[in-house]
S.K.: 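Structure incoming, see below.
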Amino acid sequence: MTSKKTSRRRFIQSASLLAGAWAAACRTQTAGAGPAPGFEHPLGVQLYTLRDQIQQDADAALEAVARIGYRHVEVLSQMMPGIAPLLAEHGLTPVSGHFPLPLITGSDRHWPPQTRGGLESWEQAVELAAEHGLSQMVIAYVQAQERTTLDFYRSLADRMNQAGARCKAAGLQLAYHHHSFEFEPLEGEVPFELLAARFDPQLVHWQLDVFWLAASNLDPVEALRRFSGRVPSLHLKDRAPDAAHTYQESEVEADDFREVGSGALNFPAILKTAGEIGVRYYFVEQDQTPGDPLDSLTKSYQYLSNLKI
């Protein structure tokens with residue numbers, strides 16, 4: 001594994017390339033007319049936050065989510081058939097789902113067994129999403145062994161466009177969820193910029209994640225403005241003020257993840273901009289929590305419910 005010192009040195013060396021690509025791509029935006037009275041969108045939970053609790057007692061976990069006040073959920077496709085009846089029972093609406101990459105690439109080589117969750121094709125995945133009333137399908141991760149060349153990213157973009165066309169035909173929207181590795185220069189280019197250039201804007205949108213943007217030393221507000229009209233959903237989680245900027249997920253400490261409103265990110269500005277550019281769904285996600293994830297979800301919900309923007 002690469003040491004933190006070595007990887008951070010590489011981060012600094014490559015930062016100028018990333019910054020130049022990002023600045024060149026961003027469009028100048030004018031300020032909004034004024035602050036909104038408050039954050040009033042229905043809040044959702046990315047159920048990855050509760051992966052262990054759902055495995056132990058899905059009914060109790062989902063009941064607790066609803067009791068906190070959340071109304072939307074983003075599911076992992078593998079868990080959808082099993083928890084769908086419980087979601088309905090507790091008044092939770094599944095509006096988005098994360099689906100594994102092998103369903104569009106056809107390659108399971110670097111993925112754990114059972115990754116597909118019984119789905120054999122992207123067509124079956126689209127049928128599952130439509131059956132359960134999802135509005136959005138998201139490709140959420142690329143294994144480290146896959147993302148080693150720009151040719152991989154070119155192929156990924158083309159396959160995403162094809163998958164997005166199938167989604168559109170079924171009345172669904174396809175989106176790509178980034179982390180920070182897409183921003184690390186590779187072969188003299190930034191993979192994120194390659195994807196941004198090759199994704200068909202009518203077929204593939206973005207699920208931006210404010211934590212991973214900040215981890216890459218990028219401004220979430222600028223990212224939202226850049227992709228105005230192409231960000232149907234947003235992942236909300238805060239970041240420790242002293243967290244290091246890195247492209248390497250292995251370097252992110254567990255306590256770098258913070259409840260919304262408990263870290264360094266400017267959520268009033270982020271959420272004001274998100275409302276202006278058309279974000280529909282807001283999912284609280286915390287990859288790691290210091291204790292009970294439900295306590296962290298409660299803290300984030302209380303902050304967001306009382307936020308004035």
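Computed from a prediction, not measured in an experiment: that's the story for all the values here.
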S.K.: Which residues satisfy the side chain to side chain contact (heavy atoms under 4.5 Å, CB included) test with D209, sequence neighbours excluded?
M.R.: H177, H178, F211, W212, H235, K237, E285
S.K.: In terms of hydrophobic clustering (I, L, V, M, F, W, Y; side-chain heavy atoms under 4.5 Å; direct or indirect links), are F283 and Y303 co-clustered?
M.R.: no
S.K.: Is there a path from L304 to Y301 through hydrophobic residues (I, L, V, M, F, W, Y) whose side chains come within less than 4.5 Å of each other?
M.R.: yes
S.K.: If you round to the nearest 0.5 Å, how far is CG of L218 from CZ of F192?
M.R.: 8.5 Å
S.K.: So do the side chains of L271 and L236 get within less than 4.5 Å of each other, counting heavy atoms only?
M.R.: yes
S.K.: Rounded at 0.5 Å granularity, tell me how far OG1 in T289 sits from CG in D295.
M.R.: 8.5 Å
S.K.: Restricting to non-hydrogen atoms, name the atom on L128 and the atom on S77 that form the minimum distance, rounded to 0.1 Å.
M.R.: CD2-O, 4.1 Å
S.K.: Name the one of R51, H72, E74 that satisfies side chain to side chain donor-acceptor pair (under 3.5 Å) with Q46?
M.R.: E74
S.K.: Contact between L195 and W206 at the side-chain level, heavy atoms closer than 4.5 Å - yes or no?
M.R.: yes
S.K.: Side chains of R258 and P241, heavy atoms from C-beta outward: is any pair under 4.5 Å?
M.R.: yes
S.K.: To the nearest 0.5 Å, tell me how far I270 CD1 sits from F39 CZ.
M.R.: 11.5 Å
S.K.: What are the two closest heavy atoms between K308 and P268, and how far apart are they?
M.R.: O-CB, 4.4 Å
S.K.: Between P94 and H132, which heavy-atom pair has the shortest distance, and what is it?
M.R.: CG-O, 3.8 Å
S.K.: In residues 81-93, what donor-acceptor pairs under 3.5 Å come from side-chain atoms, sequence neighbours left out?
M.R.:
unit_1 : atom_1 : unit_2 : atom_2 : d
H90    : NE2    : D59    : OD1    : 2.8

S.K.: Does the side-chain contact (heavy atoms from CB on, under 4.5 Å) test come out yes or no for T49 and V284, once each step is laid out?
M.R.: CA-CA 9 Å; T49 308; V284 174; over 6 Å; no
S.K.: At their closest point, which heavy atom of L134 faces which heavy atom of S96, and how far apart are they?
M.R.: CD2-N, 3.8 Å
S.K.: Taking only residues two or more places apart in sequence, or in another chain, which ones meet H110 in a ring-ring contact (aromatic ring centres under 6.0 Å, His included)?
M.R.: none
S.K.: Identify each donor-acceptor pair in which a side-chain atom of residues 60-67 lies under 3.5 Å from a protein atom, sequence neighbours left out, and give them as a table.
M.R.:
none

S.K.: Between M160 and Y176, is a side-chain contact (heavy atoms from CB on, under 4.5 Å) present by the stated rule, with each step listed?
M.R.: CA-CA 8 Å; M160 287 288 291; Y176 181 85; 3.8 Å; yes
S.K.: Indicate the atoms forming the closest heavy-atom contact of G275 with Y282, along with that distance.
M.R.: N-OH, 3.6 Å
S.K.: I'd like to know if the side chain of T105 reaches the main chain of S107, judged simply by a donor and an acceptor atom lying under 3.5 Å from each other, with no hydrogens or angles considered.
M.R.: yes
S.K.: Using the salt bridge (charged side-chain N to carboxylate O under 4.0 Å, His left out) rule, collect all pairs that involve residues 162-180, keeping only residues at least two apart or in two chains.
M.R.: E123-R166
S.K.: Give a yes or no answer on whether the side chain of E189 reaches the backbone of P191 with a donor-acceptor pair at less than 3.5 Å.
M.R.: no
S.K.: State plainly whether one hydrophobic cluster holds both V95 and V231, where clusters connect Ile, Leu, Val, Met, Phe, Trp and Tyr through side-chain heavy atoms under 4.5 angstrom apart.
M.R.: no
S.K.: Could you tell me the separation between the CE atom of M80 and the CG atom of L119, rounded to the nearest 0.5 Å?
M.R.: 12.0 Å
S.K.: When you measure from the side chain of S155 to the backbone of D151, do you find a donor-acceptor pair of N or O atoms at a distance under 3.5 Å?
M.R.: no
S.K.: Strictly distance-based, threshold 3.5 Å: is any side-chain N or O of Q173 a donor or acceptor partner for the main-chain N or O of L203?
M.R.: yes
S.K.: Would you say the side chain of Q286 lies within less than 4.5 Å of the side chain of P293, judging by non-hydrogen atoms?
M.R.: no
S.K.: Hey, are S233 and Q207 close enough side-chain-wise for a donor-acceptor pair under 3.5 Å?
M.R.: yes
S.K.: Report yes or no: does D200 contribute a side-chain atom to a donor-acceptor pair with the main-chain N or O of N161 at less than 3.5 Å?
M.R.: no
S.K.: V138, V75: one ILVMFWY side-chain cluster at the under-4.5 Å cut-off?
M.R.: no
S.K.: Is there a side-chain contact between V260 and L307 (heavy atoms, below 4.5 Å)?
M.R.: no
S.K.: Checking T115 side chain against P112 main chain: does a donor-acceptor pair fall under 3.5 Å?
M.R.: yes
S.K.: Measuring from R225:CZ to D219:CG, what's the distance to the nearest 0.5 Å?
M.R.: 8.0 Å
S.K.: Please list every donor-acceptor pair under 3.5 Å in which a side-chain atom of residues 139-148 meets a protein atom from a residue at least two apart or in another chain.
M.R.:
unit_1 : atom_1 : unit_2 : atom_2 : d
Y141   : OH     : R147   : NH2    : 3.2
Y141   : OH     : E249   : OE2    : 3.2
E146   : OE1    : W111   : NE1    : 3.3
E146   : OE1    : Q143   : N      : 2.9
E146   : OE2    : W111   : NE1    : 3.1
R147   : NE     : V142   : O      : 2.9
R147   : NH2    : V142   : O      : 3.3
R147   : NH2    : E249   : OE2    : 3.4

S.K.: State whether the side chain of R280 and the backbone N or O of H41 hold a donor-acceptor pair below 3.5 Å, judged by distance alone.
M.R.: no
S.K.: Might you work through the side-chain contact (heavy atoms from CB on, under 4.5 Å) test for L47 and L76, ending with a clear yes or no?
M.R.: CA-CA 7 Å; L47 293 181; L76 305 180; 5.8 Å; no
S.K.: Kindly indicate whether the side chain of Y281, heavy atoms from C-beta on, has any atom under 4.5 Å from the side chain of S135.
M.R.: yes
S.K.: Between R226 and E222, does any NZ, NE, NH1 or NH2 come within less than 4.0 Å of an OD or OE carboxylate oxygen?
M.R.: no
S.K.: Determine the minimum heavy-atom distance between A163 and I104, stating which atoms define it.
M.R.: CB-CG2, 3.7 Å
S.K.: With the side chain counted from C-beta on, respond yes when F227 and P201 share a heavy-atom pair under 4.5 Å apart, and no when they do not.
M.R.: no
S.K.: Run the side-chain contact (heavy atoms from CB on, under 4.5 Å) test on F267 and D238 for me, step by step, so that the C-alpha distance in whole Å, both residues' side-chain angles and the decisive distance to 0.1 Å come before the verdict.
M.R.: CA-CA 9 Å; F267 277 97; D238 218 332; 3.5 Å; yes
S.K.: Counting C-beta onward and ignoring hydrogens, is there a side-chain heavy-atom pair between L186 and L194 closer than 4.5 Å?
M.R.: no
S.K.: Would you compute the distance between atom OG of S180 and atom CD of Q248 and round it to the nearest 0.5 angstrom?
M.R.: 7.5 Å
